[in-house]
Number of protein chains: 2
Amino acid sequence: MTDRPYHHGNLRRALLDASAQLVGERGPAALSLREVARRAGVSHAAPAHHFTDRRGLLTALAAEGWGLLAARLEDTRAAGAEFAELGVSYVLFATEHPAHFAVMRTPGLLDDADPDLLAARDRANALLYAGAGVPESDRGLAASAGGRGRVLAAWSLVHGLAVLMQEGLVVPGPGEDVAAVARAVTAQLRDA
Amino acid sequence: MTDRPYHHGNLRRALLDASAQLVGERGPAALSLREVARRAGVSHAAPAHHFTDRRGLLTALAAEGWGLLAARLEDTRAAGAEFAELGVSYVLFATEHPAHFAVMRTPGLLDDADPDLLAARDRANALLYAGAGVPESDRGLAASAGGRGRVLAAWSLVHGLAVLMQEGLVVPGPGEDVAAVARAVTAQLRDA
DNA sequence: CGCGCATCTTGTCAGTGTCAACATTCAGAC
DNA sequence: GTCTGAATGTTGACACTGACAAGATGCGCG
């Protein structure tokens with residue numbers, strides 16, 4: 001019997017932090033509820049009361065990631081930066097929060113219908129579209145028409161670069177940093 | 001006792017096929033050696049003799065995917081298509097072989113030092129660079145210099161689009177097919 | 001023929017996710 | 001102040017998984 005109180009106080013936060021750390025070490029697929037519980041110093045079934053599932057825990061982590069990304073994009077937009085800098089922020093977010101970013105793009109492990117996840121994702125997406133100056137009415141599905149082609153290309157570009165960097169298929173050269181690579185790549189877009 | 005012969009004859013292939021199917025249904029993370037063995041009609045430990053590990057099986061599947069992609073790129077190049085069509089082929093490959101493509105980009109589950117995987121990956125990458133007309137001497141790491149910025153942008157673009165489509169974040173609009181979306185997006189690149 | 005080796009099976013072990021039943025603490029109604 | 005229900009955390013159990021060891025089977029080559 002330890003002298004630890006029966007109630008943790010902020011277990012949900014502690015579990016999310018431990019999860020992010022564990023994902024950073026071994027990847028989203030290797031996240032284990034029991035290991036997370038162990039690191040938070042609680043019993044193996046405690047996480048279920050906050051996240052029901054392994055899937056629920058990963059979904060909460062992904063939602064948190066989308067929220068962090070949205071906040072980042074809001075900051076650069078508030079700083080008066082132009083559209084291309086949003087892409088740079090996107091790539092920077094991915095390299096600064098690799099665990100969250102990794103979980104955000106493992107749809108097979110997530111509950112795609114979770115309201116919190118959807119809300120956070122929509123918030124970040126809306127910022128990207130708004131930053132590109134695409135009116136709400138023009139955000140339909142047809143990629144070839146209107147402003148969506150441009151936004152889709154830009155999003156694909158920065159998403160692809162972020163993914164390639166996280167997967168280690170692309171690394172900054174000597175004397176280069178992530179932002180420089182991101183700027184060099186976004187400069188290749190037609191409108192820039 | 002069934003009348004099935006003790007030796008399967010082509011178990012390795014059968015295991016790869018069953019794996020691709022299973023990955024297509026439940027994603028790479030949920031691939032189970034025992035389930036694969038069950039579908040191939042062999043005992044639960046049989047896969048270990050061909051792939052040693054779960055990691056080994058996924059690595060073999062990824063290598064096969066890179067080989068398929070390289071073959072696809074070679075075909076479109078042999079057809080005399082220009083560079084942008086390589087990107088379209090990249091996206092088409094991803095949508096036509098979703099299971100292989102999914103495994104190819106889950107580095108946490110793969111053995112990144114596997115010679116077969118590296119060879120297949122290099123072969124596909126070489127085709128992309130050659131298609132862009134970048135000389136071998138100019139394929140260094142510095143993204144901002146020389147031809148690599150263009151290739152990196154193009155690769156990021158099509159990779160990002162393929163990923164976004166596979167993850168369901170982007171779908172072709174009504175009356176659109178994947179190739180049309182891919183062409184609309186690649187057209188946004190500066191050189192096209 | 002027989003012998004070595006690749007192939008496949010069976011049995012076992014620790015670790016995991018999930019569920020059910022129970023213990024402890026909190027917060028509000030009276 | 002006390003009672004009571006809900007939230008939070010624990011313990012125990014079950015089926016499933018990956019991995020390993022030991023043995024069975026059959027192929028190929030001397």
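Chain A is the first sequence line, chain B the second, and so forth, proteins listed ahead of strands; every chain is numbered from 1.
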message = Tell me if a side-chain donor or acceptor on Ser32(B) pairs with a main-chain N or O of Arg34(B) at a distance below 3.5 Å.
response = yes
request  = Return yes if some donor-acceptor pair links the side-chain N/O of Gln166(B) with the main-chain N/O of Pro98(B) below 3.5 Å, else return no.
outcome  = yes
Of the nucleotides [options], which has the atom closest to the [X] side chain?
X	options	value
Leu33(A)	dT10(C), dG17(C), dT11(D)	dG17(C)
Asp53(A)	dA21(D), dT18(C), dT11(D)	dT18(C)
Ala45(A)	dT10(D), dC8(C), dA21(D)	dT10(D)
Arg54(B)	dG18(D), dC8(C), dG9(D)	dG18(D)

inquiry  = Is it the case that over 12 heavy atoms from other parts of the model lie below 6.0 angstrom from the CZ atom of Arg39(A)?
reply    = yes
request  = Report yes if a side-chain nitrogen or oxygen of Ser32(A) is closer than 4.0 Å to either non-bridging phosphate oxygen (OP1 or OP2) of dG17(C); otherwise report no.
outcome  = yes
inquiry  = Is Arg38(B) close enough to dT17(D) that one of its side-chain N or O atoms is under 4.0 Å from OP1 or OP2 there?
reply    = yes
Can you tell me how far [atom2] of [N] sits from [atom1] of [X], to the nearest Å?
X	N	atom1	atom2	value
Arg39(B)	dT17(D)	CZ	P	11 Å
His50(A)	dT10(D)	NE2	C1'	13 Å
Asn10(B)	dA6(C)	CG	C1'	15 Å
Phe51(A)	dT16(C)	CZ	P	18 Å
Leu11(B)	dT25(D)	CG	P	18 Å
Leu57(B)	dT17(D)	CG	C1'	14 Å
Glu35(A)	dA14(C)	CD	C1'	14 Å
Arg12(A)	dG9(D)	CZ	P	12 Å

task = Apply ring pair (Phe, Tyr, Trp, His ring centres under 6.0 Å) to the pair Phe93(B) and His97(B), showing each step before the final yes or no.
result = CA-CA 6 Å; Phe93(B) 164 81; His97(B) 296 91; 5.2 Å; yes
request  = Classify the side chain of Arg34(A) and the base of dT18(C) as holding, or not holding, a donor-acceptor pair under 3.5 Å.
outcome  = yes
Donor-acceptor pair present, His44(A) side chain and dG12(D) base, under 3.5 Å = yes
message = Do His159(A) and His159(B) have side chains that approach each other closer than 4.5 Å (heavy atoms only, starting at C-beta)?
response = no
message = Within the 4.0 Å heavy-atom criterion, would you say Leu31(B) contacts the bases, only the backbone, or no part of the nucleic acid?
response = sugar-phosphate
